[in-house]
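Chain letters run A, B, ... following the sequence lines, proteins first and then strands; every chain starts at 1. Values below: all heavy atoms of this structure, side chains included; hydrogens, waters and symmetry mates excluded.
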Amino acid sequence: MNSQSALLKWLRLGRPSMRLILSAIVRSSISSSAALGLFIAAIALLVQSSHQVTLRSIAILLIAIELVAFVRSPLRFIDRLSAHRLGFAAVQEWRRTMTQWIVNWDDLQASELGHGDVLDRALADTEELQNLWLKVLLPGLNAITMLFLSALVLLLLPGSTWLGVLFYFAIVSSGAIVLAIGRTSLSAAEGEVREARGHLRNVTTEASRVAPALHLLKSQKVIVSRLAHAATWLQVSERRYERATRIQSWTLLLTSFGSLYITAHRFSPASLWQVVAMLVGLGTFDLLWQWQGALASALALKAAMARLEALEPVTSEASGPFPRDADMYLHDYWVNGAVQNCRVSMGARVAITGPSGAGKSTLLRVLAGMVAPSSGYVTIGGVPLGTVNQEALREFLTYVPTESRYVTGYVSDVVELGRDITRDYEADLQMVGLNWATNFDLVNPSRGERARLAVVRALSTTPAIVLLDEPTSGLGEVETRKLLALLDGVEATVIIATHDPQVMKWCTERIAL
Amino acid sequence: MNLVRPHAFSGVAARSGRLIGSISALLSGLCALLLAEAVNAFANERASGLSYALGAWFSKYCSTVLATRILIRTGTSERARARATFFGFLSARSRARGYTGNLLADADQLGLVPLVQSSYAHLRLAPVSFLVVFLTGGWLSAAIAAVLITISIPLYIKAGRQAETLGDEYEIAQADLELRELQVLESGQELRGLGAGAFACEEVAALSEREHLSAMKAVRAALGSSLITEFLSGVGIGLVAMVSGFALLGARTTLLRALLAVLFTNELFGSVRRFGSEFHQSQEVERALKTFTLPAAKTAPLDLFPRALNVVALPGQQPISFELSAGSRLLVKGPSGAGKSTFLEALLGLREPVAGTVFAGSAPIAYITPHEVLFAGSLRENLDPSAQHGDLTLHEALRSVGLSTSRFGSLDVNLGPNGEGLSSGELVRFLIARGIVAQATLYVIDDVTGLLDARSRKEISRYFKSRVNLCVVEATIDQPLISPTAIIEVHE
């Protein structure tokens with residue numbers, strides 16, 4: 001995807017209303033012309049006063065200046081606020097999309113990027129995209145408007161020549177173009193800074209998880225040096241980027257010099273107007289400075305966009321319905337040098353057993369349609385699992401990995417997760433020994449509590465098939481018995497990966513790996 | 001560990017910031033001076049106008065471009081120094097693992113130290129501008145400037161306080177968002193398995209909105225305070241121009257003096273404005289400096305093993321006291337949710353106990369929990385994070401916990417980007433092997449029930465039995481790996 005179509009795509013994903021955009025543009029142009037106008041008018045007033053002593057002309061100028069002075073800052077205030085609002089609305093949409101993507105990843109994609117890296121992209125890079133409005137489009141448009149306005153002011157001055165204005169215009173625009181071209185060559189440096197930032201965040205996130213244990217073990221050399229390395233990389237790339245921007249300073253210097261020379265020289269013998277022309281020339285510096293800032297942000301944006309693109313899920317959405325008959329078949333699945341072929345009929349209680357590391361969890365994920373099998377295939381009611389629409393599939397088939405983590409907040413939110421609930425989960429919770437009211441705020445439930453909660457949660461939509469990975473780890477004998485009693489009461493097919501003898505005894509069938 | 005003291009951050013950077021600020025303030029004044037002379041020359045149709053104008057422009061260029069460049073440069077070094085101290089902060093936290101946002105953001109804030117200092121320096125030269133206004137524009141212009149600036153000062157202080165509260169609020173909202181997003185990342189599989197993706201999206205969107213609302217409040221406050229100065233400076237320049245204009249009309253002054261009065265009023269308000277816009281920034285920097293302030297170093301522990309004296313980890317628990325020695329096998333028992341893990345965390349100094357005292361030990365401790373994770377990298381790096389031991393030692397350690405299958409044959413095998421790749425049972429055994437390699441003398445095992453199959457349980461029990469000098473603390477509901485020499489019951 002080229003950068004234009006990527007940009008359009010992101011704009012579409014988080015589109016603010018046209019009215020909001022237009023009003024933001026108009027406001028920003030008005031506020032910056034007011035700022036320029038005030039300064040020029042104040043100087044002009046003095047020059048005027050020293051030459052032509054008519055009270056009326058001075059009074060008019062004075063009133064104009066005071067008016068501008070009064071409205072200038074409120075205008076700027078409104079301008080900035082509307083730009084921020086524009087960006088924030090978009091960021092929220094982008095983050096929603098990003099989360100959707102992350103949840104829809106398959107195993108492979110989920111294992112490709114470090115969490116800190118994804119976090120940096122989903123939070124920092126979307127924030128960067130917000131600058132599309134705040135720092136790129138609005139200031140960029142504003143700089144262009146100001147350029148035309150300056151040329152117009154020069155043109156309206158008595159004694160000005162078309163040629164002179166054209167010359168001014170040409171010099172400033174060529175400066176802007178040189179800045180733009182110079183920026184493109186900075187793209188690589190900018191990309192590297194971003195990459196280095198993501199890397200540091202990734203390493204830091206990782207370190208924050210392993211640091212306490214490694215610190216206790218007094219064995220942290222690898223992580224400390226990794227952190228130092230990431231920090232150094234970022235510093236080096238920041239330095240490199242800084243050096244690469246040097247050419248911009250020279251462009252700014254030469255262009256501003258040129259425009260000042262022209263405006264100061266070419267314009268008319270009438271002294272007051274020459275002063276005004278020169279001030280316009282001086283203003284060129286601000287204009288180009290703003291333009292270059294907009295370009296810098298545009299570049300950062302481009303790099304951010306490229307990083308976000310990489311998060312899009314690769315899997316295509318299947319569209320088939322969930323079959324009526326929920327008998328499951330596993331065909332020709334090779335594991336540990338043996339082929340597995342088996343049938344799980346509706347309502348069965350199946351244990352997947354084997355020593356740790358034998359591939360119990362992987363088989364469970366294959367059966368749950370979370371990952372495509374490395375060999376063979378799975379069917380439900382004769383239909384290949386991969387052809388069933390995700391939404392329909394999850395309504396009838398739920399999967400719980402070992403060590404549930406999404407468990408903070410109100411009990412009702414944590415269990416319901418925005419789904420259509422068809423079971424009295426409060427009773428289920430009580431049955432497994434969790435006497436929580438639905439409005440109880442879970443802050444940091446223990447491992448055993450999490451394990452039981454996860455099972456209740458998976459049953460709360462009355463699925464036809466439930467797949468559980470080590471559901472009793474962290475539970476004592478009594479608690480395990482309660483959990484099994486709960487499972488006894490459901491009609492669904494229950495498939496459990498386990499090495500808990502108590503659970504194995506409860507199951508009626510077994511797949512041994 | 002080499003941890004830099006907080007004030008070491010601000011030394012060089014602050015000095016260079018102040019220097020740059022002073023120089024750019026002087027250059028900016030020079031620009032105003034030259035500009036006045038240029039306009040004056042143009043107005044009187046003198047040819048020298050152009051060279052003055054060029055001079056004015058040159059000083060403006062220098063003060064803006066060079067100052068920006070140098071400030072960014074020193075800022076980069078500041079950030080780098082802050083980032084070099086991360087590990088010390090990370091190792092002290094057990095709550096909210098994986099959350100690093102404020103640390104990174106605060107390090108970035110420290111990069112603004114020179115910028116903030118330069119705006120202070122700019123402000124310090126404001127009296128010079130005031131003097132010029134007084135000398136050229138007369139007492140009335142000076143009075144106008146003085147009154148308007150005096151009005152703005154209390155407004156600044158108020159805006160600064162407001163910015164500080166809003167900053168805190170924003171930081172909390174940001175942390176909530178980041179933590180939730182991290183949870184979504186960690187539980188992506190589970191959410192997909194339950195068909196709850198849409199819910200997670202809505203939650204993140206809602207938290208993102210909350211973050212933006214508090215950011216918006218902060219922006220509004222910042223803009224509000226800049227609105228005031230912008231407004232006052234606009235009025236100030238306008239009024240001084242008016243006074244000077246009337247003076248010109250009455251031929252009481254010259255054009256050059258009038259121009260100087262107006263331009264230096266602009267300078268004066270410029271430095272106040274600049275300080276104002278950096279003011280809330282400086283509050284942020286101060287907060288960041290606080291983050292990087294470490295608690296005073298504790299004295300070295302007296303004993304080899306940690307000791308608990310009347311420790312209450314969760315409210316409502318009975319106080320617990322014990323001492324450990326070589327060969328101790330301490331079993332912490334209690335039902336699920338009674339606070340066994342919390343107690344162990346308190347014992348290890350990973351959280352503050354509600355009451356009582358924990359005396360730290362000096363022994364290397366292997367902390368083994370089911371939620372412990374490995375880091376991206378090879379098996380070797382994870383097994384020996386101090387990078388000190390040879391392959392023979394490492395293989396020996398793996399063998400003693402029963403990890404001798406072919407996948408542990410090569411230590412160069414890389415784990416996934418989040419340290420994933422081992423099953424939960426393998427992970428527990430791997431963590432014990434890591435302790436063996438690091439010659440840990442204390443093993444703290446937090447509830448690994450149900451993660452080990454019968455054979456590995458036996459192997460690990462045997463290992464601990466054979467090493468009589470090791471000290472082991474284990475928390476479990478009902479299936480200990482050790483034969484305890486002491487038992488502590490934890491009840492709600």
Side-chain angles (χ1 to χ4, degrees), chain A residues 42 45-47 49-50 65-66 69 72-73 77 80 84 88 92 95-96 99-100 102-103 111 114-115 204-213 215-219 221-222 224 227 231 235 238 249 264 271 274-275 355-357 394 398-399 401 405-406 417-418 446 448-449 472-473 476 499, chain B residues 39 42-43 45 50 53 65 76 80 83 86-87 90-91 94 97-98 100 185-191 193-197 199 201 204-205 208 212 219 223 227 230-231 234 238 241 245 248 255 258 336-337 364-365 367 373 375 381 385-387 416-417 423 425-426 438 450-451 453 477-478:
Chain A
L45 169 76
L46 294 186
V47 177
S49 316
S50 74
I65 289 170
E66 285 305 318
R72 182 176 76 154
S73 31
F77 183 76
R80 294 285 87 179
H84 274 286
F88 285 159
Q92 199 176 329
R95 286 187 179 152
R96 201 195 301 263
T99 312
Q100 185 73 56
I102 290 168
V103 174
S111 69
H115 287 160
T204 315
T205 306
E206 183 170 60
S208 85
R209 281 191 248 176
V210 297
H215 183 60
L216 287 170
L217 198 59
K218 299 189 179 11
S219 188
K221 194 168 143 201
V222 170
V224 170
L227 270 170
Q235 188 189 7
E238 278 175 346
S249 313
S271 53
Q274 201 164 21
V275 171
S356 65
R394 296 303 158 208
T398 52
Y399 158 77
R405 284 200 182 89
Y406 207 73
L417 294 177
S446 79
E449 288 167 340
T472 58
S473 71
H499 42 236
Chain B
V39 173
F42 277 122
E45 293 172 47
L50 186 62
V65 176
T76 307
R83 289 174 192 142
F86 277 180
F87 186 84
L90 297 175
S91 62
S94 72
R97 287 177 186 217
T100 56
L185 265 174
E186 283 174 343
S187 0
Q189 295 289 300
E190 182 173 17
L191 291 167
L194 293 170
F199 179 75
C201 293
V204 166
S208 174
H212 283 154
V219 167
L223 284 178
L227 177 85
E230 291 263 321
F231 183 73
L248 273 174
L255 178 62
S336 167
I365 304 168
Y367 180 40
V373 288
F375 52 87
E381 284 172 303
S386 61
S423 78
E426 286 169 335
L451 294 177
D453 52 38
I477 301 176
D478 50 13

Working to the nearest 0.5 Å, report the span between [atom1] of [X] and [atom2] of [Y].
X: Cys201(B); Y: Gln100(A); atom1: SG; atom2: CD; value: 4.0 Å
X: Thr204(A); Y: Arg83(B); atom1: OG1; atom2: CZ; value: 9.0 Å
X: Arg394(A); Y: Leu194(B); atom1: CZ; atom2: CG; value: 8.5 Å

Check: Glu186(B) and Arg209(A) side chains under 4.5 Å, non-hydrogen atoms: yes
Ser473(A) versus chain B, the contacting section by heavy-atom distance below 4.5 Å: both
Leu217(A), part contacting chain B, at a heavy-atom distance under 4.5 Å: both
Minimum heavy-atom distance between Phe199(B) and Gly418(A), given as atom pair plus value: CD1-N, 3.4 Å
Nearest heavy atoms of Ser219(A) and Pro385(B), plus distance in Å: O-CB, 3.0 Å
Contacts of type side chain to side chain contact (heavy atoms under 4.5 Å, CB included), residue Arg95(A), not counting sequence neighbours: Val91(A), Leu123(A), Thr126(A), Glu127(A), Leu177(B), Val204(B), Ser208(B), Glu211(B), His212(B)
Among Ser423(B), Ala205(B), Gly425(B), Ala196(B), residue most engaged with chain A (heavy-atom pairs, under 4.5 Å): Ala205(B)
Top contributor to chain A interface from Leu191(B), Ile477(B), Leu185(B), Leu451(B) [non-hydrogen pairs under 4.5 Å]: Leu185(B)
Contact class of Ser386(B) relative to chain A, heavy atoms under 4.5 angstrom: both
Glu381(B) bridged to Lys221(A) by N-O distance under 4.0 Å: no
When Arg405(A), Gln235(A), Gln92(A), His84(A) are compared by non-hydrogen pairs under 4.5 Å with chain B, the top option: Gln92(A)
